[in-house]
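What follows is a set of notes on a single structure, which appears directly below.
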Amino acid sequence: MLTDKFSFIFEKELIEEICLSGKLGNFSAADVLIDLGQRIEYIPLILSGSIKIMTEDKEGNELLLYYLELGDTCAVTLNCCSKASNSTIRATCETDCQLVFIPAEKLEEWMVSYKSWRNFILQSYHERLGEMLNAVDVLAFDNMEERLYKYLKNKVLVNGNPDLQVTHLEIANDLHSSRVVISRLMKKLELDGKIRQHRNRIEFLEMIS
DNA sequence: ACATTAATTGTGT
DNA sequence: ACACAATTAATGT
């Protein structure tokens, strides 16, 4: 079953190895996979669903970094792993999801023995770095309304569903903002016809695929 | 079906 | 940012 999802990127020998040493895990939405300060022992590979990666500052304000989806692995975790340090992030399930955990020591082992693995790791670093630069850009230069709009759009994409189950407060935490600000901007977006809101639920109109 | 309560959202200062 | 008002959902009776 791993084969159908990864045969395009890994050779069969490597897939067999993954089956041998990887642990399969099923989680449901809102489960916390890794919390701040936890020791990293496994590298996750996403089979289905999506995962939200965030940091937190000392005041307890959260900031959304990015989402992981099918075929992704977490670049920050890779980094923590090779340095044998603790997690600087928190990972929670955005939706129900299924993943494979790969023991950290296999990381280096496979880096040497499998070309496709090495490429995969480098590729994820590359993609993630690009995304992060973009995120920093948006953070630094875009106004809140723009950030909020992009946040919602991205969430719809990740969820594959234009009905979002979130409260204004949750959004505010993700965006490192306050609830009141979000409420006001949401009102604006609703009046602009980009969104329709109900309690605990937001419909994203104008879906582009 | 109704009343109570808790949580979410709206608004004025 | 804060306080409070209004609205809605959840729960028990």
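We name chains A, B, ... by the order of the sequence lines, and we start the count at 1 in each one. For clarity, every value in this text was computed on a predicted model and none was experimentally measured.
Across the protein-nucleic acid pair, A/H168 atom NE2 and B/dT8 atom P stand 11 Å apart, rounded to whole Å. To the nearest angstrom, P of B/dT8 lies 16 Å from CG of A/L164. A/L169 places its CG atom 15 Å from the C1' atom of C/dC2, with the value rounded to the nearest Å. Rounding to whole angstrom units, CZ of residue A/R179 and C1' of C/dA5 are separated by 12 Å. At whole-Å resolution of the value, CD in A/E170 and P in B/dT9 are 9 Å apart. Rounded to an integer number of Å, the gap from CD of A/E190 to P of B/dG10 is 7 Å. Distance, A/I202 CD1 to B/dT8 C1': 11 Å, rounded to whole Å. Taking atom CD on A/Q165 and atom P on B/dT9, their separation rounds to 11 Å, with Å as the unit.
We find that A/D142 and A/R147 are not joined by a salt bridge, their nearest charged nitrogen and carboxylate oxygen being 4.0 Å or further apart. Using a 4.0 Å cut-off between charged nitrogen and carboxylate oxygen, A/E56 and A/R90 count as a salt-bridge pair.
In terms of position on DNA chain B, the residue among A/R184 and A/H198 whose nearest nucleotide sits closer to the 5' end is A/H198.
Of the listed nucleotides (B/dT8, B/dG12, B/dG10), B/dG10 has the atom at the smallest distance from the side chain of A/K187.
Between A/F204 and A/Y149, the distance separating the two ring centers is shorter than 6.0 angstrom.
A donor and an acceptor atom never sit less than 3.5 Å apart when one is taken from the side chain of A/R199 and the other from the base of B/dG10.
For A/Q197 and B/dT8, the shortest distance from a side-chain N or O to OP1 or OP2 is not below 4.0 Å. Contact check, A/S178 against C/dA1: a side-chain N or O comes under 4.0 Å of OP1 or OP2.
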>> What verdict does the ring-ring contact (aromatic ring centres under 6.0 Å, His included) test give for A/Y114 and A/F10, after you've listed the backbone C-alpha separation in whole Å, the side-chain angles of each residue and the deciding distance to 0.1 Å?
In response: CA-CA 9 Å; A/Y114 294 99; A/F10 297 144; 8.8 Å; no

